[in-house]
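To start, the structure under review is shown below, and the notes come after it.
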Amino acid sequence: MKQTVICPGSFDPVTLGHVDIISRASKMFDHVIVAVMVNLSKTPCFSIDERINLLKQATKGLENIEIVGFDGLLAEYAREKKATAVVKGLRAVSDFEYEFQMSLTNKKLNPELETIFLTTSAENMYLSSSIVKQVASLGGDITNFVPECIREEIENRLSSK
Ligand code: PNS
């Protein structure tokens with residue numbers, strides 16, 4: 001059976017850490033839906049359309065992925081798409097508590113849904129979208145943080161902030 005999984009996130013904006021997790025998931029599963037979703041505890045800087053557009057450029061060349069925006073519950077979206085699992089990256093112990101809570105909540109809402117954690121690559125341990133936003137808004141170099149094909153677009157967008 002074809003295995004569909006979902007890589008959900010805010011992706012505000014996508015980083016090299018996200019691309020690493022998405023590309024590793026794309027090697028493990030038949031179909032990966034990268035879902036740009038709403039995190040009610042964050043105020044996004046980029047619109048959903050901007051985030052989708054950046055993700056499309058950043059993941060060009062990965063054949064079996066699909067980028068979508070969705071503003072509902074992840075557990076319901078996974079049911080609708082017949083996804084077997086959610087795939088998320090784990091950077092450090094500090095991520096774990098929150099991710100564990102999300103995973104258990106999703107399992108309660110959709111008992112069929114598993115959550116798979118991929119440990120982040122060592123070079124991306126410190127990386128987050130917030131770091132990218134802070135550094136770029138203050139005119140710093142984000143070369144090591146985001147794919148080169150979207151670096152300038154992110155810099156231009158944030159340098160005026
Ligand atoms: O990149 P993030 O901000 O850590 O991703 C979190 C995200 C967007 C995956 C999470 O907030 C989410 O699943 N949002 C969709 C709404 C939902 O299902 N919330 C979980 C139940 S409270």
Side-chain angles (χ1 to χ4, degrees), residues 1-121 124-134 145-147 150 153-154 157-158:
M1 196 182 82
K2 194 174 148 189
Q3 291 263 21
T4 295
V5 298
I6 302 179
C7 281
S10 307
F11 303 108
D12 185 46
V14 59
T15 68
L16 284 173
H18 293 129
V19 174
D20 174 52
I21 298 295
I22 294 166
S23 74
R24 284 160 60 197
S26 80
K27 289 186 193 128
M28 295 167 69
F29 301 100
D30 303 310
H31 181 214
V32 177
I33 301 175
V34 180
V36 180
M37 304 199 94
V38 177
N39 181 340
L40 286 177
S41 55
K42 293 180 181 170
T43 306
C45 187
F46 293 83
S47 70
I48 294 251
D49 284 347
E50 284 177 313
R51 287 180 265 161
I52 290 176
N53 187 265
L54 290 169
L55 267 162
K56 281 187 176 160
Q57 296 178 63
T59 57
K60 216 171 182 171
L62 297 178
E63 300 290 336
N64 56 337
I65 71 162
E66 180 187 355
I67 317 277
V68 301
F70 187 74
D71 62 4
L73 279 173
L74 174 56
E76 290 307 325
Y77 185 69
R79 200 193 313 271
E80 195 182 298
K81 292 292 165 184
K82 298 189 174 26
T84 46
V86 167
V87 176
K88 289 214 82 180
L90 260 194
R91 283 167 303 190
V93 179
S94 52
D95 280 346
F96 184 76
E97 205 171 326
Y98 168 73
E99 295 296 348
F100 194 54
Q101 186 183 25
M102 283 294 144
S103 160
L104 292 178
T105 305
N106 288 331
K107 188 90 179 154
K108 266 285 181 247
L109 295 171
N110 176 355
E112 303 294 311
L113 187 62
E114 299 295 343
T115 299
I116 296 169
F117 294 113
L118 297 183
T119 46
T120 193
S121 302
N124 297 323
M125 281 281 288
Y126 65 95
L127 193 50
S128 69
S129 298
S130 310
I131 290 280
V132 170
K133 283 180 278 194
Q134 282 204 40
F145 307 158
V146 300
I150 56 170
E153 191 171 333
I154 294 172
R157 174 71 166 68
L158 294 173

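The basis for the numbers below is simple: all heavy atoms, side chains too, and nothing from hydrogens, waters or symmetry mates. This is a predicted model, so every value here is computed, not measured.
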Exercise: identify the closest heavy-atom pair between [X] and [Y]:
X: P13; Y: V132; value: CG-CG1, 3.9 Å
X: A75; Y: L113; value: CA-CD2, 4.2 Å
X: L73; Y: M37; value: C-CE, 4.3 Å
X: L118; Y: A25; value: CD1-N, 4.3 Å
X: V14; Y: V146; value: O-CG1, 3.7 Å

Side chain of [X], backbone of [Y]: donor and acceptor closer than 3.5 Å?
X: K133; Y: D12; answer: yes
X: N64; Y: S26; answer: yes
X: N106; Y: M102; answer: yes
X: S129; Y: F11; answer: no
X: S10; Y: V38; answer: no
X: N124; Y: T120; answer: no
X: R51; Y: G69; answer: no

What distance do [X] atom [atom1] and [Y] atom [atom2] have between them, rounded to the nearest 0.5 Å?
X: E99; Y: Q101; atom1: CD; atom2: CD; result: 10.0 Å
X: I67; Y: I52; atom1: CD1; atom2: CD1; result: 8.0 Å
X: T105; Y: L109; atom1: OG1; atom2: CG; result: 7.0 Å
X: I21; Y: T15; atom1: CD1; atom2: OG1; result: 9.0 Å
X: I150; Y: L16; atom1: CD1; atom2: CG; result: 8.0 Å
X: K56; Y: E66; atom1: NZ; atom2: CD; result: 9.5 Å

**OP:** State which residues pass side-chain hydrogen bond (donor to acceptor under 3.5 Å, both in side chains) with E153; sequence neighbours excluded, sorted by chain then number.
**Re:** Q57
Original post:
Are F70 and I6 close enough, and set up right, to give a side chain to side chain contact (heavy atoms under 4.5 Å, CB included), and what steps lead you there?
Top reply: CA-CA 12 Å; F70 187 74; I6 302 179; over 6 Å; no
Subject >> Residue pair E112, K107: steps toward the salt bridge (charged side-chain N to carboxylate O under 4.0 Å, His left out) verdict >> reply: CA-CA 7 Å; E112 303 294 311; K107 188 90 179 154; over 6 Å; no
Original post:
What class does the angle between the rings of F145 and Y126 fall in, given that below 30° is parallel, 30 to 60° is tilted and above 60° is perpendicular?
Top reply: perpendicular
